[in-house]
Enquirer: 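Before we start, here is the structure in question, set down as C-alpha cells.
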Amino acid sequence: MNSDPPQMQRVWTMAGGGPGRTGTFSLRVRLGPKPLYRLATAGAVQAAPVFDPTGRVFVADMSGTVQAFERNGKLLWRRKVEGSISATPVVDPVSRRLFVGTHRGWLYCLSCLDGGNVWSTEIPSRTDPRITSDLLLDRQTGLLIASSWAGQFIGFRTESGKAQLAWNAGISPQAGAASDRSGTVYFQRAVAGEGLICASVAPDGAERVLHKQPEAKRGAARTVVAAAPVIDEERRMVYFAVNADNGCRLVAWSMSQQRNVWDVQFGKMVVATPAVRFDGLVLVAVMDGALYGIGDGGKPVFQYNSGAEYLLAGPVCELKGDVYLADPVGRLHAISKSGKGRVIFEAPRSFQARPAFDPFGNLYAACTNHSIYVFPNLSGV
Amino acid sequence: MTRREFLAGIAAGAAAVGTRASIGSESNVRVPRGVVSIAFCKRYEYRNVRSVLAGMFSELGDVGGLVRGKHVTVKVNLVNTSQEDVGGVPLWLTVTVHPTVAMALGSLLVEYGARRVTFCDQLPFQELGEEAFAGYGYRLGDFQSAMEGRARFVNTRNRMPYGEYAWVKVPNGELAVAWEVNKTYVETDVLVSLAKLKNHVSAGVTGGMKNLFGVPPSSLYGDDLTDHPDEGAIGYRNATMHNCTRQPFTSGRSFTGRSVEGDHGYNVPRFIVDLAEAFPISLVVIDGISTIQTAEGWWNGSMVSVTRPGLLIAGRNAVSTDAVAASVMGFNPDAPDRTPPFSNGSNYLALARQRGLGENRIDRIEIAGVSLDTARFEFHPTYRRKAPVGQ
C-alpha cells in the first residue's frame, strides 16, 4: 500500500484521500449497480467517511455522533462528542487514533479501537470557535492541522493536543488545508481590506503568499473559502478554487516554477474541493450544478451537467479515470473519462459530503438521510 | 372604536405593562397546540410540491373549511432586496420562499374555495404591486394561471392601496402594545405565514412567527426615516426593532420602552411574540427544500452555507410548527436562553408559550407525516456574537 503514486491514495484516511486532497483512488474500480448495504448513522452526514488500512470505516455526523464500523458493516463502537460535525475527521493509522473537530470548537483524539478519549481540547475564542474545515494530518511534521472560526489555523501535536504552530486563517474559514511531501501546508484565507490570499506555511512556520486576489466588490466577509487546495505531486502543481463575489477562479500554481501558470474562471462559486485525475485533469464541481474537467493550460475538456441546481460535494476518481459525483438532490452519478455520465443511484435525500473509497475500492456515499450507502467494487481487488 | 379611543387605549396599555405580573406564570396557562405535518419534497417541481402540500393539509385537518369562501392573506418570507444571491445561487434556493411553493399553496387554497389570495410582504421597492415581486421569481401571470385569477400581490411597505393604516393591539405586549400596519393584514379572514427554514442570528431559528417581522411598514418603522413618517420609505427596521435606538414614527406611542438598546437577542424575540399575538396565524407553511444554514441571509456573508433538507413543514399553530421546525433542524425548541440555537438571546418559542400562544415542548406536539427522527436534518448552529469582555 506504500507504493501508490503520490497523488493517489489507497487508504483514505482524510478528506480527499490523503494530505494532497486529490480524491483519486489508486486502484481500478468497477462499481456494482446497487448498494451492498447501508450503514445507519445517528444524524445527517455532511462529512466524508475515513478509513484505516483494514477497511474499518469511521463516520462523524451532524448529531455529534462518531461511529466505527468493521469492513463487513458491523458496528464496532459509537460515541457522542460535544457539538455537531461537518468537518471530515482524520485517521492516523500508525497510532490508531481518530481526530474529530466539532461545531462547538472541540477537537477530540479518540482511540480507533474503542472510541475512548485520548485527549480533547477546546479552541479558545471570544466569538465562535466552530471547526467546519476538514482536518489535515501532515505526515512530515506529524501535526494535526485544523482551522476554526476563531480565525486561526492551528497545528496540534497529535500525541498531546498541544498547539505547536498557528497562523491566520482569515474570516470564517470553511476550507481545510492540504500538504505536500515536504510538509509544506497550502491554504486560503479571506482578509478584509486585502482580499483572498493563497499561501503556504513551511514546517518551520514560515509563511509565503503564493497568490493574492484583490478584495472583490462584495468584500472579503462575503467571500466563501470552502474548497481545500489540491496538490498534484506528480506534476508539481497546486490548485486553488478562489471565490470572489458570485464566481470562482481556479488558479494553477506550479511548485516547479513557483508561480501561477494558468487560471480559469467559473460563473458561480465553488464550495467543494476539486479532484485531480490520474492524467492531471482537474475536476471541479461548481455551484451551477455542473462538473467541469479542466486540462493543462486551463483548457475545458468536458462539462457534465448533473441536473441539480448546485453542487455541494466534490467528485472522486478511480485509477482509470471513472468519476463519481454525489449531488444535493440525492443522486450518485458515474462519469466516464470522456465526461459522459449517468445517474446510477438515487437516495431519498441530499448528498452533501464527498464520497470516499475504502482500501478495497468499495464506494461509501454519505447521505443526509442518516445513512451511508456502500457500493461494492466488482473489479476483484 | 374611533382612532382617538384606540390611541387612548394603547397609551393606557403601555402604562400598564410596567406593573403587570410576570408574563408566563405557566401554571394557569393552557397553551394551544395543533398537529404539525412534515413531508419530504426533494425538488421545486410544481406538481410534486402541490401534491405533497395537499397531503400535508389533509393530515392537518380542515384547511378547506378554514379558507372556503374567505379572503386569505399569505405573508411570504421575502427579504430586503431581490438583487442579491448566495455565491451565485439565487435567493429562492437559499434565503426566500421559492415561488413554486407559494404558487402551489395558492392553487390549493383556491381549490379549497378561497375567494381571493393576497401574497404580501414589505419589499424595498417603490413599486407596490407585482413589479416588486418579480426579482424574487414571483410572476403574477403564472400565479393567476394556477389560481383561477384570484391571486394578488401587495407590497406592504406603506399604507397603500388603503388610505389609512390599521392599528392592531397586542393584548399582553411586552415591547409593543400595538402595531400600526398596512390594512392588508387586517382586511382579511385568514392569515397564512409562508416562511423559509433557516437559522437566525438574533432569534435562533426563523419560521412562521419570525416571518411577521416584515409586517410593520418601512413608512413608519424604517431606518431611512429621519424625524417623520414617509410613504416613500423602503428601509429596514434595525433602529426600531433590533437595536431599538429610537421609537417608530407611528401616529401614537406604541412601544413600551422596555427594550434593551443594542441587544438584538433580547429585543427581536420579544417583538416576534408581540407580533404573533397581534396577528394570529391560522396556517404556517415552511419551505425547507433548499435553504441556507448558520444564519438567515446573504448579508451574513461567508458564514452561511447552502444546504438541502428536502422537506416541507406545515401546521395550524405557529408556535408548535416553529418548534417542530427547530427540532427538525436538530435543536431543542425549549432550550434555555443564550444556548443553541438561541445562542445570542432569548428563546422566543418559550416566550410565546408563556404568553399562551402555543406549545413549544416537542414531546407535547403531535406530528403527522414523516416522523421527527426520520426528518431530522441538523443545521449548523448560528454563530455566537462576540462575548462581552470578561466572559
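Each chain gets a letter, A, B and so on, in the order its sequence line appears, and its residues count up from 1.
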Enquirer: Has the side chain of R130(A) got a donor or acceptor atom that lies under 3.5 Å from a matching backbone atom of P381(B)?
Expert: yes

Enquirer: State whether a side-chain donor-acceptor pair under 3.5 Å links S172(A) with Y383(B).
Expert: no

Enquirer: Taking the side chain from R384(B) and the backbone from P129(A), do they hold a donor-acceptor pair closer than 3.5 Å?
Expert: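 Here the side-chain-to-backbone pair does not exist.
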
Enquirer: Flag the pair E346(A) / K42(B) as yes when at least one side-chain heavy-atom distance between them is below 4.5 Å, and no otherwise.
Expert: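 Yes, their side chains come closer than 4.5 Å.
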
Enquirer: Taking side chain as C-beta onward, heavy atoms only, is S290(B) less than 4.5 Å from E309(A)?
Expert: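 SC-SC contact between S290(B) and E309(A) ruled out.
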
Enquirer: With only heavy atoms counted, which part of S84(A) is less than 4.5 Å from chain B, the side chain, the backbone, both or neither?
Expert: side chain

Enquirer: What part of A190(A) gets within 4.5 angstrom of chain B, counting heavy atoms only: side chain, backbone, both, or neither?
Expert: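 Contact with chain B involves no heavy atom of A190(A) at all.
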
Enquirer: Mind running side chain to side chain contact (heavy atoms under 4.5 Å, CB included) on Q46(A) and E378(B) for me, showing each step along the way?
Expert: CA-CA 10 Å; Q46(A) 294 191 11; E378(B) 298 88 350; over 6 Å; no

Enquirer: Can you say whether T382(B) sits under 4.5 Å from chain A via the side chain, the backbone, both, or neither, judging by heavy atoms?
Expert: backbone

Enquirer: Roughly how far, to the nearest 0.5 Å, is the CE atom of M329(B) from the CE atom of M62(A)?
Expert: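 Reported to 0.5 Å precision, the distance equals 10.0 Å.
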
Enquirer: Given that the side chain runs from C-beta out, which part of A216(A) has a heavy atom under 4.5 Å from chain B: side chain, backbone, both or neither?
Expert: neither

Enquirer: Quick check on R376(B) against chain A: is it the side chain, the backbone, both or neither that has a heavy atom closer than 4.5 Å?
Expert: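 Answer is both: backbone and side chain atoms of R376(B) are under 4.5 Å from chain A.
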
Enquirer: Who in residues 292-314 of chain B is close to chain A, using a strict under-4.5 Å heavy-atom cut-off?
Expert: Q293(B), T294(B), W298(B), G301(B), S302(B), M303(B), V304(B), S305(B), V306(B), T307(B), R308(B), P309(B), L311(B)

